[in-house]
Amino acid sequence: MNKKSTNIGRYISIDGGANGLAPLNMLSEIFGRLRFDLDQDDELIPAQFVDMIIGTGVGGLVAILLGRLCMTPTQAIESYSKLSSAIVTTVASTVDQVQRETNTSRFKEAFDQLLRDAGHDPGSLFQTRNGKSNGCKTVICVMNQANMSYCQLIRSYRSRSAPGPEYTITQVALASIASPDAYAP
């Protein structure tokens with residue numbers, strides 16, 4: 001029997017939804033158990049244990065906190081809780097362009113403050129020079145209102161198949177949670 005060594009990788013995939021606290025609480029439990037099993041004193045950073053974190057919608061926002069910003073689950077829960085008041089989850093059918101622009105501005109200001117509080121420059125690019133943040137790649141799935149049948153991947157690393165434009169972390173966070181009915185393009 002020929003035994004080949006294969007490394008299939010370790011991934012966390014976080015689906016969108018109305019609330020990012022559910023996946024964060026589950027990941028906190030999982031990494032808390034791993035911390036116990038490894039007999040570690042400090043809380044574990046998921047980005048140091050997985051190869052990639054991928055998310056869409058609010059799950060994309062969670063992926064940014066854990067993957068690109070290398071937060072612990074507790075830090076991500078605290079950051080998400082502070083940010084949640086700036087996230088529009090329900091949309092009235094009468095939201096006009098002015099309200100969408102207000103929603104966008106409010107989220108951007110709150111997320112930029114989150115970055116500053118976490119020690120990051122709000123102008124930092126999502127794609128890193130080496131493509132990794134403490135060993136973890138981060139991918140955000142977004143859809144364009146003009147073509148809802150195609151998912152665009154925004155990566156924290158360079159890719160041969162799609163080098164992609166340079167976006168700031170804030171722009172990617174907004175793209176992840178943006179609903180055309182709630183946020184300005």
Could you tell me whether the side chain of T72 and the main chain of I45 form a donor-acceptor pair under 3.5 Å? no

Check ion pair E29-R33 (N to O, under 4.0 angstrom): yes

Go through the steps for L21 and S81 under the test side chain to side chain contact (heavy atoms under 4.5 Å, CB included), then give the verdict. CA-CA 8 Å; L21 289 177; S81 295; 3.8 Å; yes

Starting from the C-alpha separation in whole Å, work towards a yes-or-no answer on side chain to side chain contact (heavy atoms under 4.5 Å, CB included) for I154 and V142. CA-CA 8 Å; I154 303 176; V142 298; 3.8 Å; yes

Looking at side-chain heavy atoms only, is the closest gap between Y80 and L65 below 4.5 Å? yes

Looking at I30, D51, I54, V50, which one forms a side-chain contact (heavy atoms from CB on, under 4.5 Å) with I12? V50

On a heavy-atom basis, which atom in C136 and which in I53 lie closest, and how many Å separate them? SG-CG1, 3.6 Å

Would you say CG of D42 has more than 12 non-hydrogen atoms from neighbouring residues, nucleotides or ligands within 6.0 angstrom? no

Show the numbers, then the answer: is there a side chain to side chain contact (heavy atoms under 4.5 Å, CB included) between L69 and I64? CA-CA 6 Å; L69 301 180; I64 291 169; 4.3 Å; yes

To the nearest 0.5 Å, what is the distance between CZ (R155) and CD1 (I140)? 11.5 Å

Rounded distance [0.5 Å steps], NZ in K137 versus OG in S156: 8.0 Å

With sequence neighbours left out, what residues match S28 under side-chain contact (heavy atoms from CB on, under 4.5 Å)? P73, I77

Check the pair F31 / E43 against side chain to side chain contact (heavy atoms under 4.5 Å, CB included), numbers first and verdict last. CA-CA 8 Å; F31 279 92; E43 187 175 7; over 6 Å; no

If you measure from CD1 on I169 to CG on L174, what distance do you get to the nearest 0.5 Å? 14.0 Å

Give, for atom CZ of F49 and atom CZ of R10, the distance between the pair rounded to the nearest 0.5 Å. 9.0 Å

Could you list the donor-acceptor pairs under 3.5 angstrom formed between side-chain atoms of residues 106-113 and any protein atom two or more places apart in sequence or on another chain?
unit_1 : atom_1 : unit_2 : atom_2 : d
K108   : NZ     : D112   : OD2    : 2.8
E109   : OE2    : S105   : OG     : 3.3
D112   : OD1    : T170   : OG1    : 2.6
Q113   : OE1    : R116   : NH2    : 3.3
Q113   : NE2    : D117   : OD1    : 2.7

Applying the side-chain contact (heavy atoms from CB on, under 4.5 Å) test to M71, which of L24, L114, V62 qualifies? L114

